[in-house]
Protein chains: 2
Amino acid sequence: MAYRAHAEARLKEAGFRITTPRRRVIDLLAEAVGPVSAYEMRDQLEARGERIDIVSVYRIIGCLEQTGLVHRILSTGKVHRCVIEAHEPCGLPQPDHCHHSLICRTCGRIEEMHCPDIGSLLARAAATLGFALESHRLELGGLCKRCAA
Amino acid sequence: MAYRAHAEARLKEAGFRITTPRRRVIDLLAEAVGPVSAYEMRDQLEARGERIDIVSVYRIIGCLEQTGLVHRILSTGKVHRCVIEAHEPCGLPQPDHCHHSLICRTCGRIEEMHCPDIGSLLARAAATLGFALESHRLELGGLCKRCAA
DNA sequence: ATGCTGTTGAAAGTCTATTGCAATAAAGAG
DNA sequence: CTCTTTATTGCAATAGACTTTCAACAGCAT
Ligand SMILES: [Mn+2]
Ligand SMILES: [Mn+2]
Ligand SMILES: [Zn+2]
Ligand SMILES: [Zn+2]
């Protein structure tokens, strides 16, 4: 697993220990197709026979988020449910993180959109109100390629 | 109150009754400087001596949201807390609702940004992935005018 | 191998939001 | 204006997501 090595290196740098539960969560996120909630992570791990407590999942999520290895997005629907997703750097100028999620209203699938232009456009728009932009979170609703057909 | 008249008219159109609790919530939102959470609404109303149950607040929020009179945004911080805000139409082409919130990381104040260009830009960006955009939610973090000085 | 200290798991506790149901009151009819 | 219908409210109980506390455990540096 290339991602696991990468993640472990960054965790070490940040002073975190490499533990079995952390490795399990990391592996799970690396294999996952889309964002996963804390409880989904626990259930999927337990289904594999890898015991983990929900509390630990939350703490590990926090640690991975601190380290910049994952970030959270809001899941489908208006319900306030937190999901997680493996992070791949976006290459924007300064905003520390960029979160561009396309959420299909039919199939519920979530895909990340790569769109560097938006960062600077938003920064300019915010600047006209005297607001110094540092981060942005963007969630788009609509129909995905498959469901639109 | 101009806003109350407007709100009552739209509620009637939608087949809702005009009740005392609804009037109270509407007035509160009209006077509020920024977004307010359900519990904040209840507490502020009770502080005025206007008794209301938290369940009713939630239901009224839902009804106002249906009618298009208010919309919800994610409050300060990563904590999943739901706040509400009076809605002013954004004039974008099609996306049913546009939510552009600037959240100051220091003072916590939230202001809405009016930025029609972003709607079409996002629609084009999403289209390159075959995604048909219908709605967007945008939350910007940084420093507001006063805190940046 | 040993010890220090970060980390885990289990239980209990918060906080937000929802559901069921009886009592209440808004709106239309007469 | 009074009656009748039915949406709406309030209360209590419940659900769901996440946190706190603390004892037991396990990395990892020496
Ligand atoms: Mn990202
Ligand atoms: Mn809006
Ligand atoms: Zn789809
Ligand atoms: Zn500020």
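All of these numbers come straight from a predicted model, not from anything done at the bench. Within every chain, numbering begins at 1; the chains are lettered A, B, ... in the order of the sequence lines, protein sequences first and strands thereafter.
- Atom pair A:Arg17:CZ and C:dC4:P shows a separation of 13 Å (rounding to whole Å applied).
- A straight line from CG of B:Leu45 to P of D:dG10 spans 10 Å, rounded to a whole angstrom.
- One interatomic measurement links the two molecules: CG of B:Asp53 to P of C:dA17, which rounds to 14 Å at whole-angstrom precision.
- Taking each heavy atom of A:Ile103 and B:Phe131 in turn, the nearest pair found is O-CZ, 3.5 Å.
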**OP:** Show your working on side-chain contact (heavy atoms from CB on, under 4.5 Å) between B:Asp27 and B:Arg24 and close with a plain yes or no.
**Re:** CA-CA 5 Å; B:Asp27 286 351; B:Arg24 286 176 174 165; 5.9 Å; no
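- Residue A:Tyr58 has a polar side-chain atom (N or O) positioned under 4.0 Å from OP1 or OP2 of D:dC18.
- Here C:dA26 presents its P atom at 12 Å from CD of B:Glu8, a figure rounded to the nearest Å.
- Residue B:Thr19 places at least one side-chain N or O closer than 4.0 Å to OP1 or OP2 of D:dT9.
- Between B:Thr20 and D:dT8 there is no side-chain N or O to OP1 or OP2 distance below 4.0 Å.
- Taking atom OH of residue B:Tyr39 and atom C1' of nucleotide C:dA17, one finds them 7 Å apart after rounding to whole Å.
- Here the C1' atom of nucleotide C:dT7 and the CZ atom of A:Arg23 are 13 Å apart, to the nearest Å.
- If you check every strand for non-hydrogen atoms under 4.0 Å, A:Leu11 touches nothing.
- Using a 4.0 Å cut-off between charged side-chain N and carboxylate O, A:Glu8 and A:Lys12 make no salt bridge.
- The residue B:Arg22 sits close only to the backbone: its heavy atoms come under 4.0 Å of sugar-phosphate atoms, none of a base.
- For the pair A:Lys12 NZ and C:dG6 P, the interatomic distance rounds to 16 Å; values are reported in whole Å.
- Distance CZ (B:Arg59) to P (C:dA25): 15 Å, rounded to an integer number of Å.
- Checked against C:dA10, D:dT9, D:dA17, the side chain of B:Ser56 finds its nearest nucleotide in D:dT9.
- Across the interface with DNA chain D, nearest-nucleotide mapping of B:Val55 and B:Pro21 shows B:Pro21 to be the residue nearer the 5′ end.
- No contact: A:Ile54 has no heavy atom under 4.0 Å from any strand.
- Between the side chain of B:Arg22 and the main chain of B:Arg17, a donor-acceptor pair closer than 3.5 Å is present.
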